[in-house]
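Notes follow the structure.
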Amino acid sequence: MSIKRLTIKGLRGFSEKTNIHFAIPDNINPGSGLTVMVGPNNSGKSTVIEAVHLLSSNLDIIPVSSRNIKTNGKVLIEAEDIIGNVSTLQSTDNNGAFIQRKYNGENINNFYNQMNTFILSSKRNFSSTFSNGGAQNRENYKGNISNSDYRGENNINNNFGGRLLEIYNRRKVFDECLEKVLSPLPNWTIESINSSNLYLEFSFDEVKHSSNGAGDGYINIFNIVDALYDSSENNVILIDEPEISLHPDLQRKLFSLLVEYSKDKQIIVSTHSPYFVDWKLFSDKAKIIRLRKEKDSLQLYELSEDTRKDIKGIITDYQKPHILSLNANEIFFLNDNVILTEGQDDVLCYKEIFEKYDFHPKASFFGWGAGGAQRVKPILNILKDLGYKKVFTILDNDQQDIIADLKKEYKSYEFFAIAVNDVRNKVRDKKIDSLIKEINKIDFDEKIKSNIIDLINNKFENKIGLIKSMSTYEINQEYEYNIIELIDFIKNYFDDNNPVIEVGDDKNIINSEYKLDEEKIARKLMDKWISDKKIYDHIQKKYKRFEFHYGDGGELSFKKINEKEFYVILEQMEGISEKHQITMQYHLIVNIKSSVVKLKKKSIISNTLPQGRIDKLINKIFEMINFI
């Protein structure tokens, strides 16, 4: 009977009462009954399976090494099935190793496996010889560890021989299932050493091997197919690390088999393999549960319904199938610390840039990026739902304006916009140059023609990035300061001594306390430079034909980037009405050692001022040639 809820407290790392809800098969959709548990080592995945094993076995003690000291050695394990029956195992009132069992609140003395479980631990070795003592049916077998200690170091399955005899008698059904993973089917049979000792034999061409010589991968597959081929709808199948000793192609085929069987059976797996992560399934009925150790307790996380909808939007973007690809799946087996970028070029470029600066971040890149700035939030939602506490997102400069809102929504995450609109230089489309050539051929006022061409060039600029190209990854020296600043921010954020703290909207989680006197000096230098250069008069001077009625502006960012330099971003907005405004940004480097302020960049962030006659003419041209 499918398990609706599993409650664990006091078993190994589960010091707090934890409820786990598994996927329930709907008898319609393959994968509907599949739950995949992921997470780093020692995060509690195997403990979840061990808890079900304890409920399903007739053991009457739990060793002290398995009980959590924070619960005074008391253990509670409880499972509720889909019709409301509750099986309970808990420490006795006398404390110590002994346990008592209940079914629907009533004490039970005679054990019976109410949940009809079949459990495979990660240790799937079995005795190479067995006796001809009779086949074992599924109900008597229950899995490869039976009533043994789940974590037993020397667990050798001495009962699998009986299952092999059962398989041999139902070979056609078993082979039909086996062939879905191993094709062509291996040539196997049961042979005898003498009248009482049998063994499993594999033939490879003219060479024959017992199970000892066949390889661990074959033994693993035989165990898992055995768990599936004669299963019924009310079975619960739990498999710890199904990928053991299997080539990636066999892992894919095995996962497909598990998906097929989970249409009408509950299958729960614990895995370290990215080949057992399928986002299409997780966006629908199947479940992914991520476990991790936090302080002195184990915590689990799963996807919200809103995030499942986000995933559906990502996987239906057929132009970017790489977003939730195998590379992205690998992230879910890390403990924490993720770097997210907008796109795949960013991942390649930042890895090379960091290498050039001999910087090795204490973090891993998320796959091939988010697939564009519009996909950053859905990816952040996945990471947040699954319990990632430290995520550093690198954005292009044209996304600077979304950072404030992102910080409000993802308070423990950090965001950084580089000083340019792309990580690498990008040459504009050659069609633009062809267009300009055609305009030059037209016979009309040369001044107007020149203005049109200037505006086209401004609208379709060649992009300057942090690096010149992806063939050499040569750094654009004018933006080296920005790379150094980025590296410094990442170092600070992922510093082991910088714990994650959920904070209010007006604070920064990065511990970046500057010396007060140095910051005062930098601000005085900046204020004097602004006054001397009359920087906030720039817009009104450039757009003299407009009468601006109001404006706003000030400091967006003030950060120390090295021992003597501060990086400052200023913003200025001027408007003639609420609808018609222009906003500019100024990027400064303030050097307190040389007392010099340099303008590194100025750019228009947004411009909704009314268009003039030439602007309208250009847009008309673009409409005619389908450029806009």
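In this chain, numbering begins with 1 at the start of the sequence shown.
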Between Asn94 and Thr92, does any side-chain donor sit less than 3.5 Å from a side-chain acceptor? no

Step through it carefully: locate the ring centre of Trp368, locate the ring centre of Tyr350, and say whether they are under 6.0 Å apart. no

Under the criterion ring pair (Phe, Tyr, Trp, His ring centres under 6.0 Å), which of Trp279, Phe276, Tyr301 is the partner of Phe332? Trp279

Polar contact flag, side-chain donor to acceptor under 3.5 angstrom, Arg138-Asn235: yes

I'd like to know whether Asn104 forms a side-chain hydrogen bond (donor to acceptor under 3.5 Å, both in side chains) with Asn85, so could you lay out the CA-CA distance, the side-chain angles of the two residues, the decisive distance to 0.1 Å, and finally the verdict. CA-CA 6 Å; Asn104 290 333; Asn85 294 314; 3.1 Å; yes

Look at the side chain of Ser273 and the backbone N and O of Tyr275, then say whether any donor-acceptor pair between them is shorter than 3.5 Å. yes

Taking the ring centre of each residue, are Phe118 and Tyr141 less than 6.0 Å apart? yes

I'd like to know if the side chain of Thr35 reaches the main chain of Phe22, judged simply by a donor and an acceptor atom lying under 3.5 Å from each other, with no hydrogens or angles considered. no

Under a 3.5 Å distance rule, please check whether Gln266 uses its side chain to pair with a backbone N or O of Ile3 as donor and acceptor. yes

I'd like to know whether NZ of Lys4 has more than 12 heavy-atom contacts from other residues, nucleotides or ligands below 6.0 angstrom. no

Write down the atom of Phe130, the atom of Gly161, and the distance for their closest heavy-atom approach. CG-CA, 3.4 Å

Return yes if some donor-acceptor pair links the side-chain N/O of Ser15 with the main-chain N/O of Asn68 below 3.5 Å, else return no. no

Name every donor-acceptor pair, under 3.5 Å, that has one atom in a side chain of residues 183-193 and the other anywhere in the protein, sequence neighbours excluded.
| from | atom 1 | to | atom 2 | distance (Å) |
| --- | --- | --- | --- | --- |
| Trp188 | NE1 | Asp175 | OD1 | 3.1 |

With salt bridge (Lys or Arg N to Asp or Glu O under 4.0 Å) as the rule and sequence neighbours excluded, what pairs involving residues 265-289 come up? Lys287-Glu302

Would you mind listing every salt bridge (Lys or Arg N to Asp or Glu O under 4.0 Å) that reaches into residues 248-261, with sequence neighbours excluded? Lys180-Glu260, Asp249-Lys253

Backbone N or O of Gly31 within a donor-acceptor pair of the Ser262 side chain at under 3.5 Å? yes

Ser32 pairs by side-chain contact (heavy atoms from CB on, under 4.5 Å) with which of Asn29, Leu34, Ile28? Asn29

Determine whether the aromatic ring centres of residues Phe392 and Tyr413 are separated by less than 6.0 angstrom. no

Polar side chain donor-acceptor pair, Asp385 to Thr307, under 3.5 angstrom: yes

Taking 4.0 angstrom as the limit, do Asp336 and Lys390 come out as a salt bridge? no

Taking every non-hydrogen atom, the tightest pair across Met1 and Ile82: SD-CG1, 3.7 Å

One pair to check against ring-ring contact (aromatic ring centres under 6.0 Å, His included): Tyr218 and Phe202. What are the steps and the verdict? CA-CA 10 Å; Tyr218 270 44; Phe202 292 94; 5.4 Å; yes

Determine, step by step, whether Leu303 and Leu386 satisfy the side-chain contact (heavy atoms from CB on, under 4.5 Å) criterion, reporting the C-alpha distance in whole Å, the side-chain angles of both residues, the deciding distance to 0.1 Å, and the verdict. CA-CA 7 Å; Leu303 301 171; Leu386 293 180; 3.9 Å; yes

When rounded to the nearest 0.5 angstrom, what is the spacing between CE in Met37 and OG in Ser43? 9.0 Å

Would Leu182 and Leu250 satisfy side-chain contact (heavy atoms from CB on, under 4.5 Å), going step by step from the backbone distance to the final call? CA-CA 8 Å; Leu182 294 177; Leu250 290 180; 3.8 Å; yes

Distance-minimising heavy-atom pair for Leu300 and Asn19: CD2-O, 4.0 Å

So how far is it from Ile268 CD1 to Asp240 CG, rounded to the nearest 0.5 Å? 12.0 Å

Is the positively charged end of Arg290 above the ring of Tyr388, judged by distance under 6.0 angstrom from the centroid and angle within 45° of the axis? yes

Less than 4.0 Å between a side-chain N and a carboxylate O, is that true for Lys384 and Glu409? no

Short side-chain to backbone donor-acceptor contact, Arg308 and Phe282, under 3.5 Å: yes

Lys/Arg N to Asp/Glu carboxylate O, Asp216 vs Arg124, below 4.0 Å: no

Would you check if the side chain of Lys362 reaches a backbone N or O of Asn337 as a donor-acceptor pair within less than 3.5 Å? no

Residue pair Thr393, Val391: steps toward the side-chain contact (heavy atoms from CB on, under 4.5 Å) verdict: CA-CA 6 Å; Thr393 303; Val391 179; 4.2 Å; yes

Among side-chain atoms of Asn140 and Asn137, is any donor-acceptor pair under 3.5 angstrom? yes

Give me the atom names and distance for the closest heavy-atom approach of Leu246 to Gly217. CD2-O, 3.5 Å

If you look at every heavy atom in Pro378 and Gln374, which pair is closest and at what distance? CD-O, 3.8 Å

Applying side-chain hydrogen bond (donor to acceptor under 3.5 Å, both in side chains) to Lys293 and Asn42, what does each step give before you reach the verdict? CA-CA 7 Å; Lys293 189 173 184 179; Asn42 300 316; over 6 Å; no

Assess the residue pair Arg12 and Ser66 against the criterion (side-chain hydrogen bond (donor to acceptor under 3.5 Å, both in side chains)); give the C-alpha distance rounded to whole Å, side-chain angles, the decisive distance to 0.1 Å, and a yes or no. CA-CA 5 Å; Arg12 299 193 183 273; Ser66 301; 3.1 Å; yes

Is there a donor-acceptor pair under 3.5 Å between the side chain of Arg67 and the backbone N or O of Gly73? yes

Salt-bridge present (Lys9, Glu78; N to O < 4.0 Å): no

Exceeds 12 heavy-atom contacts within 6.0 angstrom, atom OH of Tyr103: yes

For Asn169 and Leu165, indicate whether the former's side chain and the latter's backbone hold a donor-acceptor pair under 3.5 Å. yes

Would you please indicate if the ring centroids of Phe174 and Phe222 are separated by under 6.0 Å? yes

Closest non-hydrogen atom pair between Leu298 and Thr18, with its separation: O-OG1, 4.2 Å

Let's go through Thr271 and Phe255 carefully: what are the C-alpha distance in whole Å and the side-chain angles of both, what is the deciding distance for side-chain contact (heavy atoms from CB on, under 4.5 Å) to 0.1 Å, and is it a yes or a no? CA-CA 11 Å; Thr271 183; Phe255 182 68; over 6 Å; no

